[in-house]
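We name chains A, B, ... by the order of the sequence lines, and we start the count at 1 in each one.
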Amino acid sequence: ENVKIALVVKSLGNGFFDAANKGAEEAAKELGDVDIIYTGPTKATAEAQIEVVNSLIAQKVNAIAISANDADALVPVLKKAMERGITVISWDSGVAKEGRQLHLNPSDTGLIGETIIKLAADYLPEGGDVAILSASSTATNQNAWIDAAKKVLPEKFPKIKLVATVYGDDDSAKSTDEAKGLLKSYPNLKAIIAPTTVGVVAAAQVVTDEKLIGKVNVTGLALPSEFKKFIDNGASQAVALWNPIDLGYSAVYLAHDLAVKKEEAKPGATLSIGRVGKVTLDDTNSAAMAPPFQFDKTNIEKFSKIY
Amino acid sequence: MKAFLKYREIWLAAAIIVLVGLISTRFPAFADPGNLRQVFNDTSILMILALGQMVVILTRSIDLSMASNLCFSGMVVAMLNAAHPAIPIPLLIVIALAVGLVLGAINGLLVWRLNIPSIVVTLGTLTIYRGATFVLSGGAWVNADKMSPDFIGFQRAAFLGIPVLSWIAILVIALFFVLMTRTALGRSIYAIGVNPTASVYTGIDVGRTKFIVFCISGIIGGLAGYLWISRYVIASVEVANGYELNIIAACVIGGISIAGGIGSVGGAVLGALFLGIISNALPVINISPFWQMAISGSAIILAVVLNARGERQQGRIILRKVEAA
Amino acid sequence: MDTTAQHGTVKEGPAASTPRLTLSGISKSFPGVRALHNVSLSLYPGQVTALIGENGAGKSTLVKIMTGIYQPDSGTISIDDQAVALHSAHAAFGHGVTAIHQETVLFDDLSVAENIFLGHAPRTRLGTIDWRTMRKDAREVLDTMHAGHIDADARLKDLGIANKHLVAVARAMSIDAQIVIMDEPTAALSMKEIEELFLLIEFLKEEGKAILFISHKFDEIYRIADRYTVFRDGEMVGEGLIKDAGQSQIVRMMVGRSVDHIFPQRKAEIGAPMLSVSGLSHPTEFNDIGFELHKGEILGFYGLVGAGRSEVMQAISGITRTSGGTITLEGKVIAPKSAADSIEAGIVYVPEERGKQGVVIGLPIFQNVSLPSLKRTSKSGFLRLAEEFSLARSYTERLDLRASSLSQDVGTLSGGNQQKIVIAKWLATAPKVIILDEPTKGIDIGSKAAVHGFMAELVAQGLSVIMVSSELPEILGMSDRVVVMREGLVAAVYDNKGLDAETLVRTAAGIAA
Amino acid sequence: MTDIPAPRHIPDRLDKPFRSAIFSWEALLVVVAIAIFAINSFASPYFLDPYSLSDLTFNFTEKGLIAFAMALLIISGEIDLSVAAIIALASTMMGMAVQAGAGTPVLVLIGIVVGLGCGAFNGLLVTRLGLPSIVVTIGTMSLFRGIAFIILGDQAYKGYPESFAFFGQGYVWWVVSFELVLFLIAAVVYWFLLHRTSFGRRVFAIGNNPVAAQFSGVRVGRIKFILFCLTGLMSGIASVLITSRLGSTRPSIAQGYELEVITMVVLGGVSILGGAGSIVGVVLAAFIMGLVTFGLGLLNVPGIVMSIFIGLLLIIVIALPIVWRRLRGSS
Ligand SMILES: Nc1ncnc2c1ncn2[C@@H]1O[C@H](COP(=O)(O)OP(=O)(O)OP(=O)(O)O)[C@@H](O)[C@H]1O
Ligand SMILES: Nc1ncnc2c1ncn2[C@@H]1O[C@H](COP(=O)(O)OP(=O)(O)OP(=O)(O)O)[C@@H](O)[C@H]1O
Ligand SMILES: [Mg+2]
Ligand SMILES: [Mg+2]
């Protein structure tokens, strides 16, 4: 009997997660005895994700690897899953410590926070006003990155002034409105930082529409395939992201190792993630996969064909 | 009564002016003609949708499926555009209208032929149409990347200094104005709302008129589908999720009576504009976005209270001396 | 216009020419009810045919078939000897059939002109509605009807009820219909408006229209009709020229027995004051209303429609808020804030608009009857069905209700039978004072007698009754005293001894004697 | 006096209980429920498992609790679209109380009282000012959730006491959850209230003809107010359950629940126009919706595709009796 590993995502249809699924399938093939169940709600809410997890528990899957819509709300149901003998890990967007055996960060939180500011600062030698357009106000990972960014600002980028943080809820219409509001309220705005693949596209489109290319730089985390256009037209100088394929691959690899090889997830443990390398768990049982990777005019063409 | 109706719209217009005034005390540039033009443009889609919803509400029905229709039609044209960028935009718009019409006609047929209350029918199709979008697209999004420059650029092109999107809204407003005040269909729509039984006795085919009304809101949904997708340059299953309530809220603020028969094109447009201004203004006057929801909620409640005040019947006056006084 | 008609002489119509409209073998059933069975009817140009029958005989159903609202199960309709199919109200118009229906059915929020022309408005060359021509035409139609005082631009809801009826007639005229049907057009009108309506009917006769006139009032029928057709239980049981038939003959056909409607004789045993009202006022509807009602008394309230009688009664029963005045019941001042309060205190109001205020369509008969008495039929909030059934049975059977079971939806009853339910439900609360607003509006002669008999019984048991009525014979026949209201004020109070109709009409209309 | 012949006897009811039971709405729902249950058991080997069946109930218990009160409200001719927003606001208030160190009993009390308060607010607007409820509650829906957003912003409340977890996660006996028990108790209570008390009778009367009901001595305003309060109360209770089940509060909690609750009520045969409906129907509809979503979930069908099934089910189940009547009528 094959090992059933469920890859639960925040919402279906998102190109980022579809890419992660590719990686998951790749890992499954490599591991041989694994069936992947790629699932998630269509609307990115915790309640909907709980129903999905409940049905996975009923199907007696061997492992659940989840990118959570809410760090806390999913804890009870994931605990129940663990009680029924299911291996639970979180990846990408984490779950509080009690609700999973380990969490795989796509990258180091502090590093991401620093990177998104650096992406803006690199093109603002004189400094200036920047604003953040985030996803939903409840998104765990975005909030962690923004906190990290705020922390490094005073020491490393004293000339950069963060004037506002707004939320587009990963909804393109809302993100568009918020981006427009930013441009109106802060006429001196030099950059919009959107650490979310939906928000960054919306912001870049707004900057293009308002003919502010060259005046306002859009940056943040973006999928090259979705974002190439805005690097090409100059609305954005550079964005960053990690490789979602690797992320999906690693998540499945870890879940498999915990479920089948009965590896133990404990602080300090070092676990293998196949072709991607090795990770070491910190004292919250979290690990970071790889540093974020930067895309600009020089390489976007190539990567837009991959993910 | 005619004068009274105008009265109501004048009130709403006054409220809007006051609102703009208040905002410009905190953010002077808001009242610039250029900015107001942009607010109009930003609100165009909501205005168009509110007009489509208005004709439905006037007949004592409701269309909860408009946002889902928008989502589905938008996805169809986005996918078509992605697959065949050569299809000219006018043809795509016609396709969007046609798809919207079909979805509207399904609602209309169920309401007309099976006599199911419209709120039930459209509560059902609300989820069905959105689900169908998922099935159609396999859940995948269509991104800016896959859309042709014309697809995105059409509504942004300026004509006489005003974007095409705004022109489309103006055209739709004009069409609805003629429809509601100058055509037999428009008058039948009012009559049905005022008194459905009397309408039957008057020879109006109530069922068929409701069918037509749903077709209209369907077409509007289709049009808004294209406009929405090309404006926000992403087509996904979540497009305009929950937006049906904004559309209804715009109608309500515009003084369209949910009990049917009362309301006007001007009201719907102003109602949409009111909501548009609020959502436009909040970010610029530095009110935390978290206040936005509570503020628009309060605005809706206030508008209903005021409208109800206006609608409240004076009662017929029997006493001479009161009449004289 | 022929002035002789105004004096109530019936002209011999054009000698039984060919009928304009003929119905033959029409049958129509509703689930569980055979409303019409193989009925026939002919309407002749320039003649008024009266359609007569008990409540539920099928009159309104026939009207709806003739106007395309219902489709008959079988039978044929021909107009000018041509068989026609009336699929919809629109098709009926096309064949020149128009109706003023039993319930006033027009559009309150639309203008008078639009009410007249909705569905056949004049168009511009572009095909859009020509508002200017429409207003002009509306004014013309109203003028030809001597109703020029009605403003074509006014909203219908701002008109008085009589004027609304005139608008309904104007609509019928504007369609240039050859066949005009009027289903109880006088039920909501008082003397003055009825006279105006009769003038109009005469006018229509002159124009050669074929008219069907439905009414339960024999004086009207004898006044205006040329021919009659009688229905009983959905079948046609007689027809002929009205001048050849006596009233008792027609009534016998109608109910299958003889009914001689004489108002019940009562020994006036009027006791102590029961209810006294003084200074009762309302900002817009009435002012300084005062009267006294005694135990065992029937107090009539007369006035023209719109005089404000109903509003006063609704204020006494807590439905309308007052701006001043006191109500005293058995020496205790009461201030009911809702119908519930007044019912508890022992005053019940039987409203006049049965469809809107009286019956709860959608609920079965027994639940309608028990609704105001739920406190008595239930026990600490829990329902007791047996109590409800027995309560409903005792009152409906006394009123000779025609229904197949007590669990039948009241919506399936005819108008008159619904009225019986309305009366039954408030009687069942065992009140001290009962206010009946137009209690016999739209009910047939047999049931009318039953209601009157019942009222007599009630006062004999020591109840006090207020009867609001616009029917003079009823007022004169039943009341001990009569309060006349005019424009929101009490115009006079008369003792009903040797009181004559003329005094009442003059007082109500404000014409000095 | 006129001779009135002996009164005709009118029977209580025309006896067709068997026929009417067979063609009743509830019977249709029972058939649908059994069919779906059977299909589920065939389609997935995991379905017929006590733990699965127990988990299944969580898909509808909270919404179902609100649906009972909503059913009464809709029967009376009103509607409440703000129920999900009430959940969010009540949950937020509970979260604030937790921060202030409140214990479980206080939390439950706060959830219920806030729900009741929101319901009363809706009720006042509708009955006192005579506003249409659909519009009022579209407004309060934004207002209530908006307040939750103002308070919480991008934060979350957590740290609910251990004992608080029982309401949404606890089991009374074996696999029978506390939520399920509460749902069944509420079903019985509401059944009595609607079908066996004079209050329920008045609710039906109001839904069919509010004016006539008022003239008949029914205190229409008061009853509607009570119904809004009940709906708020049930939303408050649901809020306690959901908050306990999630163990945390976000302002976006329970988003979109209002339409699911209304779908449940309508599927249960309650007339959206008011005046008709039954609690048994609502219970069956709750089970059906739970069965459909859970069954399809076992097959890993995405939620949005399930919603197609729910939408179709809604329209088909409502259309069936109409089509059936028409077919019978024409033959
Ligand atoms: N829509 C309907 N559904 C079921 N039964 C109906 C319907 N309409 C009328 N009926 C029944 O048909 C019969 C005839 O009703 P109709 O309204 O034609 O009587 P009517 O002669 O106009 O009485 P009234 O003098 O009281 O107005 C009655 O028994 C009535 O209950
Ligand atoms: N302007 C109007 N518009 C609509 N309906 C009216 C109007 N005037 C009168 N009516 C209706 O006509 C009927 C009688 O009117 P109203 O109640 O004012 O008369 P009344 O003198 O109080 O009593 P009643 O005619 O009942 O004996 C009622 O059904 C009322 O609703
Ligand atoms: Mg009739
Ligand atoms: Mg009256």
Handout entry: Heavy-atom proximity to chain B below 4.5 Å, by part of D:P251
Key = neither
Problem - Reported OG-to-CD1 distance for the pair D:S133 and B:I258, which is rounded to 0.5 angstrom - result: 9.5 Å
Problem - Minimum-distance pair of heavy atoms, taken over all atoms of D:P132 and B:V304 - result: CD-CG1, 4.3 Å
Exercise for the section: Would you mind checking which part of B:I295 comes under 4.5 Å of any heavy atom in chain D, side chain (CB onward), backbone (N, CA, C, O), both or neither? Expected result: neither
Problem - Nearest atoms (heavy-atom pairs only) where D:G311 meets B:T127 - result: CA-OG1, 3.5 Å
Exercise for the section: Could you look at B:I248 and say if it's the side chain, the backbone, both or neither that has a heavy atom under 4.5 Å from chain D? Expected result: side chain
Exercise for the section: Name the region of D:M141, side chain, backbone, both or neither, that has any atom closer than 4.5 Å to a heavy atom of chain B. Expected result: side chain
Exercise for the section: Over all heavy atoms of both residues, which pair between D:I272 and B:P117 is shortest? Give the atoms and the distance, please. Expected result: CG2-CB, 3.5 Å
Practice task
May I ask you to test the D:I134-B:I62 pair for a side-chain heavy-atom distance under 4.5 Å?
Solution key: yes
Practice task
Pick whichever of B:A132, B:A249, B:G297 has the most heavy-atom pairs under 4.5 Å with chain D.
Solution key: B:G297
Practice task
Assess whether atom OH of D:Y257 is packed by more than 12 heavy atoms of other residues, nucleotides or ligands within 6.0 Å.
Solution key: yes
Practice task
With B:I301 as reference, evaluate D:L125, D:I138, D:T137 under the side chain to side chain contact (heavy atoms under 4.5 Å, CB included) test and give the passing residue.
Solution key: D:L125
Practice task
Could you tell me whether the side chain of B:I128 reaches within less than 4.5 Å of the side chain of D:I315, counting heavy atoms only?
Solution key: yes
Practice task
Check whether D:I150 gets within reach of chain B through its side chain, its backbone, both or neither, counting any heavy atom under 4.5 Å.
Solution key: both
Practice task
Give, as side chain, backbone, both or neither, the part of B:T133 having an atom under 4.5 angstrom from any heavy atom of chain D.
Solution key: neither
Handout entry: Heavy-atom pairs under 4.5 Å with chain D, option from B:L114, B:N115, B:L64 with the top count
Key = B:L114
Fill in the blank from the handout: Smallest heavy-atom separation, D:V135 atom then B:I300 atom, equals O-CG2, 4.1 Å
Exercise for the section: Please state whether the side chain, the backbone, both or neither of B:V252 comes within less than 4.5 Å of a heavy atom of chain D. Expected result: side chain
Completion exercise
Bottom line for D:L312: the part with an atom under 4.5 Å from chain B's heavy atoms is both
Practice task
Give the member of B:R113, B:M293, B:R130 that has the highest number of heavy-atom pairs under 4.5 Å with chain D.
Solution key: B:M293
